[in-house]
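What follows is a short report on a single structure.
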Amino acid sequence: MAETAPLVATQASPTTPSKRITSIIKLLVESPGLTNIPSTHTFTLNSHDQVVSDTEEPVPVIDYSLLISSSPDQRSKIIHDLRKACQDWGFFMVINHGVPERLMRSMIDACREFFDLPEEEKQEYEGKHVLDPIRCGTSFNTSVEKVFCWRDFLKLFVHPVFHSPSKPAGFRILQKSKRSSKRITKRISESLGLGTNYIDKAMNLEQGLQVSIANYYPPCTQPELAMGLASHSDHGLLTILIQNGVSGLQVQHKGKWVNMNGYPNSFLVNTGDHLEILSNGKYKSVEHRAVVNKKAARISLVMAHGPSLDSVVTPAPELLDREGNAPAYMK
Ligand SMILES: O=C(O)CCC(=O)C(=O)O
Ligand SMILES: [Fe+2]
């Protein structure tokens, strides 16, 4: 994702106008007497983008226990399921992943604790440059946006070098998602008819960039006029997402926005731009967005896994040769 430059507090600040603040939306919502959202945060969606349905087709479910099974039948079933999920949706839900519920909860709690820190403590991490390893801010890319998203965020680079704020302490567990993403990647590689470790090598995942983003979407008095996070696709190979039990994620499926609600204790995965390129467009990087609601704050935690910063990802030559296709993406 393209990302953010600092936002000057005057745009939405309920506090001292001259001071920069990082949790713009949080403070805005906590300021007394807010009934209408400011025009700086009012989105006008065209009628097509407003249509949302709960999907009639079931969202693909990937049983993680099959990913690590040694049974050839189970392995071919999971490869088939992954191929279908990546081709038809670019999104799937992962169950039986073995990550304890309490661990997933503690990750979300760590995010909440960060957003609840006093503003002065967060200011140290105020966004300056997209490659800053610890950065918090608001919206998506405030240096180019005309209307801002109803979202504050904390973004951390956690691999190849781990970075996290000194408070709260709980972020170290973010590194654990690498193991799950590695296992899923191996089977996705096989689902493309490439070797088990093909993607790993092509993207130099040993040195791969893992970025974690905690998103905070407070309740909004006029949710139909605001957008938590505008439509985008994710950079990278694949993104793992967990949330605090409040829905809001929507994905584009067959030309419509559909609500994406995972089963309790599952995690959601979407494929990213670099996989779209490597697969020569077979596995599309799907557009998604986050909407907000009147009642409850939503927290999502995104763990995005991608190639090393020096990798140049191209359509896999083996795939092009086998299928007799020209590359659809150029360097
Ligand atoms: O909060 C969500 O559900 C989506 C977050 C997201 O897409 C992102 O941070 O890239
Ligand atoms: Fe995203």
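Order of appearance sets the numbers: ligands from 1, and atoms from 1 within every ligand. Keep in mind that what you see is a predicted model, and the values were worked out from it rather than measured.
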When the side chains of residues 236-249 are checked against the rest of the protein, which donor-acceptor pairs come out under 3.5 Å, sequence neighbours left out?
from: T239; atom 1: OG1; to: D234; atom 2: OD2; distance (Å): 3.0
from: Q243; atom 1: OE1; to: R298; atom 2: NE; distance (Å): 3.3
from: Q243; atom 1: OE1; to: R298; atom 2: NH2; distance (Å): 2.7
from: N244; atom 1: OD1; to: V246; atom 2: N; distance (Å): 3.4
from: N244; atom 1: OD1; to: I299; atom 2: N; distance (Å): 3.2
from: N244; atom 1: ND2; to: A297; atom 2: O; distance (Å): 3.1
from: S247; atom 1: OG; to: N261; atom 2: OD1; distance (Å): 3.3

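- Residue R289 does not touch ligand 1, judged by heavy-atom distances below 4.0 Å.
- Annotation: side-chain contact (heavy atoms from CB on, under 4.5 Å) contacts of D73 (sequence neighbours excluded): S71.
- Contact atoms of ligand 1 toward L249: 3 (O), 4 (C) (distance under 4.0 Å to a heavy atom of the residue).
- Note on H232: its N/O/S atom closest to the Fe ion (ligand 2) is NE2.
- Close contacts between ligand 1 and L241 involve ligand atoms 2 (C), 3 (O), 4 (C) [criterion: under 4.0 Å to a heavy atom].
- Under a 4.0 angstrom heavy-atom cut-off, Q243 registers as lying outside contact with ligand 1.
- Shortest distance from the Fe ion (ligand 2) to D234 is reached at OD1 (N/O/S atoms only).
- Expressed to the nearest 0.5 Å, how far CE of M227 lies from CH2 of W150 amounts to 13.0 Å.
- Side-chain atoms of V61 and Y263, non-hydrogen and from C-beta on, do get closer than 4.5 Å to each other.
- Salt bridge present: E101 and R105 bring a charged side-chain N and a carboxylate O closer than 4.0 Å.
- Atoms CG and NZ, from L67 and K186 in turn, are 11.5 Å apart once rounded to the nearest 0.5 Å.
- Atoms of ligand 1 found under 4.0 Å from any heavy atom of D234 (numbered from 1 in listed order, with element): 10 (O).
- Nearest residue to atom 9 (O) of ligand 1 from N215, I299, V291, V211 is N215 (criterion: closest heavy atom).
- Remark: ligand 1 atoms within the under-4.0 Å shell around heavy atoms of H288 are 7 (O).
- Listed by number with element, the atoms of ligand 1 under 4.0 angstrom from any heavy atom of Y217 are 1 (O), 2 (C), 4 (C), 5 (C).
- Residue S308 forms a side chain to side chain contact (heavy atoms under 4.5 Å, CB included) with just one option from N204, L209, L205, and that option is N204.
- Those atoms of ligand 1 with a heavy atom of L229 less than 4.0 angstrom away are 5 (C), 6 (C), 7 (O), 8 (C), 9 (O).
- Classification of the F114-Y125 ring pair by plane angle, with boundaries at 30° and 60°, yields tilted.
- A salt bridge links D109 with R112: at least one charged nitrogen is closer than 4.0 Å to a carboxylate oxygen.
- Residue contacts with ligand 1 include H232, since one or more of its heavy atoms lies under 4.0 Å from the ligand.
- Under a 4.0 angstrom heavy-atom cut-off, F153 registers as lying outside contact with ligand 1.
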